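Just so we're on the same page: letters track the sequence lines, and every chain starts at 1. Values in this document were obtained by computation on a predicted structure and should not be read as measured data.
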Protein chains: 2
Amino acid sequence: MATVPRPGAYVCGIDAAMDVIGGKWKVLILWALGERPGCRFGELRRLVPGITEKVLAAHLRELEADGIVHREAYDEVPPRVEYTLTGAGRQLNEALAPLGAWGRAHVRGVPAHPAEARGAAARAAAPRAAEA
Amino acid sequence: MATVPRPGAYVCGIDAAMDVIGGKWKVLILWALGERPGCRFGELRRLVPGITEKVLAAHLRELEADGIVHREAYDEVPPRVEYTLTGAGRQLNEALAPLGAWGRAHVRGVPAHPAEARGAAARAAAPRAAEA
DNA sequence: GTGGGTGGTTACCCTGGGGTGAGCGAGCAG
DNA sequence: CTGCTCGCTCACCCCAGGGTAACCACCCAC
């Protein structure tokens, strides 16, 4: 993402947000965490097919540093770590909803998606600015 | 953007949209075009400080191919080309609005008003982490 | 004739995000 | 004892996106 920050950081809130969700898998991680709070690492890896452990770990770290996810590590014998969305993370997910609606409406090749039917993503009172 | 498409293309509408706006400057171009419809190439380049001609042209081509912008070329003596958002482009811009609001609310160093960004962004260094 | 403006295109280079694979330290099923 | 799981970390490599720069065709002002 922001290779070298643009001369003078952010121009508007959108590219600030883009910097946060700019990773290749960030939105999928966000989405998975929104559907399954308190998710564990391996579980997340299974929920986001194709991602590698290294990248998942790196993205989770960045999201944690950005205050999007909360990481709870239990010092148990088989190491257990749980990831949850923070308040900001939930709000980010909700802010992403109109974008998802746009993508479904305007990009070809987007499946109606089974997980969408689980309804967790749309459960919140999402701010719809663009629902035409 | 999606270097090699994920196994099975898009998972949800969000990453489809992310594929469209995944370029480094795409959202800024969208935003500038939303503010100034019928913008010309050089004007756009001035509105998006830091972008190079090559990248601007490439991004405009991609946005046009994605049906986000409409390109109107006038066959005049000093070549004149005008770029406008299509309906989908406008809706995309509107779908991005909540994201911008989120960025303004949760990321430090985001100017309250875009116009301030042009001058005051220089002092807003360290676009680093926020916290929960 | 020289320079600047218009809207690009082409060629080349370089950075870094992301892919690959291996390893670790402990426990537990087999 | 062996191998598998869990949650990472480290080392290495690759390629595509983006930066740099030159060039084009045309016209106007100086």
Minimum-distance nucleotide (side-chain atoms of Thr52(B) versus dT9(C), dT20(D), dG7(D)) = dT20(D)
key: Check against side chain to side chain contact (heavy atoms under 4.5 Å, CB included), Leu47(B) and Arg36(B)   = CA-CA 10 Å; Leu47(B) 283 176; Arg36(B) 296 195 129 212; 3.5 Å; yes
ask   = Tyr74(A) near the nucleic acid: base, sugar-phosphate alone, or nothing, with a heavy-atom cut-off under 4.0 Å?
value = nothing
request  = Have a look at Arg71(A) and say if it touches a base, only the backbone sugar-phosphate, or nothing, with a 4.0 Å heavy-atom cut-off.
outcome  = sugar-phosphate
key: Atom-pair distance (CG on Leu56(B); P on dT20(D)), nearest Å   = 15 Å
Residue pair Val48(A), Leu56(A): steps toward the side chain to side chain contact (heavy atoms under 4.5 Å, CB included) verdict = CA-CA 9 Å; Val48(A) 184; Leu56(A) 178 55; 5.7 Å; no
query = Would you say Arg45(A) reaches dC8(D)'s phosphate, i.e. side-chain N/O to OP1/OP2 under 4.0 Å?
reply = no
message = Rounded to whole Å, please give me the gap between CG in Asp15(B) and P in dG18(C).
response = 14 Å
query = Does dG8(C) have OP1 or OP2 sitting under 4.0 Å from an N or O in the side chain of Arg80(B)?
reply = no
ask   = Between atom CD in Glu82(B) and atom C1' in dG8(C), what is the gap in whole Å?
value = 16 Å
note = The answer to which of Arg61(A) and Pro79(B) contacts DNA chain D further toward the 5' end, by nearest nucleotide, is Arg61(A)
inquiry  = Do Leu96(B) and Leu99(A) have side chains that approach each other closer than 4.5 Å (heavy atoms only, starting at C-beta)?
reply    = yes
Whole-Å distance separating the CG atom of Leu44(A) from the C1' atom of dC6(D) = 14 Å
message = I'd like to know if the side chain of Trp102(A) reaches the main chain of Ala88(B), judged simply by a donor and an acceptor atom lying under 3.5 Å from each other, with no hydrogens or angles considered.
response = yes
message = Please check: side-chain N/O of Lys26(A) versus main-chain N/O of His59(A), any donor-acceptor pairing under 3.5 Å?
response = no
ask   = OP1 or OP2 of dG18(D) less than 4.0 angstrom from a side-chain nitrogen or oxygen of His59(B), does that happen here?
value = yes
inquiry  = Rounded to whole Å, please give me the gap between CD1 in Ile51(B) and C1' in dG7(C).
reply    = 14 Å
task = Mind calculating the distance between CD (Glu62(B)) and P (dA16(D)) to the nearest angstrom?
result = 14 Å
key: dG19(C) base / Lys54(A) side chain donor-acceptor hit below 3.5 Å   = yes
ask   = Which whole-number value in Å describes the distance from Tyr83(A) OH to dG7(D) P?
value = 8 Å
key: Out of dC6(D), dG18(C), dG8(C), whichever nucleotide has its closest atom nearest the side chain of Ala57(B)   = dG8(C)
ask   = Given dG19(D), is OP1 or OP2 found less than 4.0 Å from the side-chain N or O atoms of Lys24(B)?
value = yes
task = Rounded to the nearest angstrom, tell me the gap between atom CD1 in Ile29(A) and atom C1' in dG7(D).
result = 15 Å
key: 5' precedence on DNA chain C between Glu53(A) and Pro78(A) (nearest-nucleotide basis)   = Glu53(A)
query = Nearest to the side chain of Arg40(B), which nucleotide is it out of dG18(D), dG7(C), dT9(C)?
reply = dG7(C)
